[in-house]
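Note that the structure is predicted; figures quoted are calculated from it, not measured. Letters A, B, ... mirror the listed sequences (proteins, then strands); counts begin at 1.
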Amino acid sequence: MTIAGHKHAAPPGAVDLLNIDALYSEEERMIRDTVRAFVRDRVLPNIAEWFEEGLLPRELGTELGRLGLLGMHLHGYGCPGASAVAYGIACMELEAGDSGVRSFASVQGSLAMFAIHRWASEEQKQLWLPRMARGEALGCFGLTEPDFGSNPGDMRTHARRDGSDWIITGTKMWITNGGIADVAVIWAQTDEGIRGFAVPTTAKGFSAHGIERKLSLRASVTSELVLDNCRVPAECAFPEVRGLRGPLACLNEARYGIIWGTMGAARACYETALDYAKHRVQFDRPIAGYQITQEKLVNMLLELNKGTLLALHIGRMKDEGRAHPTHVSFGKLNNVREALKIAREARTILGANGVTLEYPVIRHMNNLESVLTYEGTSEVHTLILGQHITGENAFM
Amino acid sequence: MKIVVTVKLVPDTNAAKRIDPATKRLVRTGLETVLNPFDEYAIEAALQLKEKLGGDTTVTVFTMAPETGKETIRKALAMGADDAVMLSDAGLEGSDVWATSYAMAQALKKTGFDLLIAGGLADDGNTGGVPGALAEYLGVPALTNVRKIEEAGDGKIRAQRETDSGYQVVSGPLPSLITVTMAVGEPRYASLKGIMGAKKKTIVTLMLADLGLDRAVGTDGAKTEVLEISAPKPREKARVVEAADGASGAQAIFDFLREKKLI
């Protein structure tokens, strides 16, 4: 029906109510569709089992590599050079499957590959990046230590020169992909300040130990890395960067992906809860017909749409070179917090079914507890923003 | 070798659909358009053959669809096809199998091909009539239900045709038309590089005026008319058997199956 030539808008969908879809380019929609199809075919049928068994199959890396999703926003060295928005959309679809799968891609692309791409010598880039883009070589990123999480500047791991070699000693903790990595980006104190190294995991003195008893991100490999007088040749050291600037540049990339990823997890929870509420009958009517359920669903819908818009806004700013690290803190803080609330609310709608792996909700909910903490805790992002708006440093 | 894959753009296969009782046509507004799933297998077969033959083998995607279908066609290009041809003209609206295959055949004569690959059945209309009619109009053999292309080149093709009890090995000259089954292999995902490269690939648009047709197409050229649309009869209500215990319940099921001669 038309009035004065204006078409009535089609009724909006129940998930993308704001039609954010229309703000994506054709290419971005295609990337979304292809990653979504991959997750539907390869991740969703298996993820409950992977989560329960506490594993992530190694071949998933090669499959993600074949799709071009590893280091997708990097240029050259076999990487496709996609936009920040395209990368974010891929993170969102992967995390709609599982935060562990998205973490795998984030660490490979935004931490390990980004660090090498940004800071390593040309020779090291040629050595690692093309194989990492194909998923044939895997990487991890060693910054956090058992006693230094939010405060990485005081790390104990140190590297000293021995002739032209470097000898690295220390322990890194909570390292995603650590046990399956071929190369570990290790940050260590040196006489010249903090420096980064691309350490082949076959180097003598390097070992990785799995952290098994997790109740979150179970479909993800988390490890402790031990460097015991680990000797690496001079070319493994990143030539120029000194200080925390090196690792923080990488963290900013991975944190950005989380702004999107969490909305994928939230969407999966919301969709599950909405569908469940429409079919679950109590007192002779679907629970979707009760006001309390509707309020829950609507609150989830609001935050899901707002959070996705926020991710897109920060993504566009990033593509235009206007995104500041405080923007990324804003996005990470808000979207993880809201995704976690959505997951918990969805869990209540599913009742007892919500605690089983038959539904994705509690898996996402538990995963998001890790996402809340890693890549800058919500407390740290709060203080970053607090310092930005007040000028007062409340970290110490 | 020039391989052309005919594809149809259909409404999202998972969406709930509605028929307009006045026009007796599917209501397409508000429905997302996707590549007909069977045609994705045809694209996969074409890309496999291209990879095997190498050299100057090309894969062209051909569709008859409104211009708005370009985004969906780009997905086929992102999977790895080299270019696309779209036959788009408002005058084609309302074409049935007869008119569709006639118009497509005239356009395909212009495009040219050594091997034409089709999916065999569209998810929306479900007639399965177009490939056969196309082969007839084009004067080429039709090798249907192909599960594997064994060889293609040097003016001939050898392929395995799926049958109810196994498969036949058949051969024919080129140019030929084949329709494929899902046994050719799962359609590949469009890779990121494929997607990013797709926008640089050419989509040629042909209109009716480009074809010089000598008979009517669209509603006027249709030889079939939909007389009546009705929903399938609802299934009969299930029979509920009350049983005192497991053993008598099992007996009741057994008796039922035997009565139906299923065991």
J.: Roughly how far, to the nearest 0.5 Å, is CD of A/Glu27 from CG of B/Leu192?
T.: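 Reported to 0.5 Å precision, the distance equals 7.5 Å.
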
J.: Indicate yes or no: at least one non-hydrogen side-chain atom of B/Tyr189 is less than 4.5 angstrom from one of A/Val35.
T.: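 A side-chain contact under 4.5 Å is absent here.
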
J.: Which of residues 63-75 of chain A have a heavy atom under 4.5 Å from any heavy atom of chain B?
T.: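 Heavy-atom contacts from residues 63-75 of chain A to chain B are A/Arg66, A/Leu67, A/Gly68, A/Leu69, A/Met72.
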
J.: Looking at A/Glu136, I want to see if its CD is surrounded by more than 12 non-hydrogen atoms of other residues, nucleotides or ligands under 6.0 Å.
T.: yes

J.: For B/Lys148, does the NZ atom sit with more than 12 other heavy atoms under 6.0 Å from it, leaving out its own atoms?
T.: no

J.: Atom CD of residue position B/Glu242 - does it have more than 12 heavy atoms of other residues, nucleotides or ligands inside 6.0 Å?
T.: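 It does not: B/Glu242 CD has 12 such atoms or fewer within range.
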
J.: Would one find more than 12 heavy atoms of other residues, nucleotides or ligands at under 6.0 Å from atom CD of B/Glu93?
T.: no

J.: Can you see which heavy atom on A/Thr34 is nearest to which on B/Ala190, and at what distance?
T.: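 Result for this residue pair: OG1-O, 2.8 Å.
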
J.: Does anything in residues 62-82 of chain B get under 4.5 Å of chain A by heavy atoms, and if so which residues?
T.: B/Glu71, B/Arg74, B/Lys75, B/Ala78

J.: Under the rule for side-chain hydrogen bond (donor to acceptor under 3.5 Å, both in side chains), what residues qualify as partners of B/Lys8, not counting sequence neighbours?
T.: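 Residues passing side-chain hydrogen bond (donor to acceptor under 3.5 Å, both in side chains) with B/Lys8: B/Asp124.
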
J.: Would you name the heavy atoms of B/Glu32 and A/Asp33 that are closest together and state the gap between them?
T.: OE2-OD2, 4.5 Å

J.: Which heavy atom of A/Ala82 sits nearest to which heavy atom of B/Met196, and what is that distance?
T.: CA-CE, 3.7 Å

J.: State whether the number of non-hydrogen atoms from other residues, nucleotides or ligands found under 6.0 Å of B/Arg18 atom CZ is greater than 12.
T.: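 It does not: B/Arg18 CZ has 12 such atoms or fewer within range.
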
J.: Could you list all the side-chain hydrogen bond (donor to acceptor under 3.5 Å, both in side chains) pairs where at least one residue sits in residues 93-106 of chain A, not counting sequence neighbours?
T.: A/Arg36-A/Glu93, A/Glu93-A/Arg267, A/Glu95-A/Ser99, A/Glu95-A/Arg102, A/Asp98-A/Arg363, A/Asp98-A/Asn367, A/Arg102-A/Ser106, A/Arg102-A/Tyr374, A/Ser103-A/Tyr374

J.: What closest approach, in Å, do A/Cys79 and B/Lys193 show between heavy atoms, and which atom pair accounts for it?
T.: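 Between these two residues, the closest heavy atoms are C-CE, 4.5 Å.
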
J.: Counting only heavy atoms from other residues, nucleotides and ligands, does the tally under 6.0 Å from CD of B/Glu150 exceed 12?
T.: yes

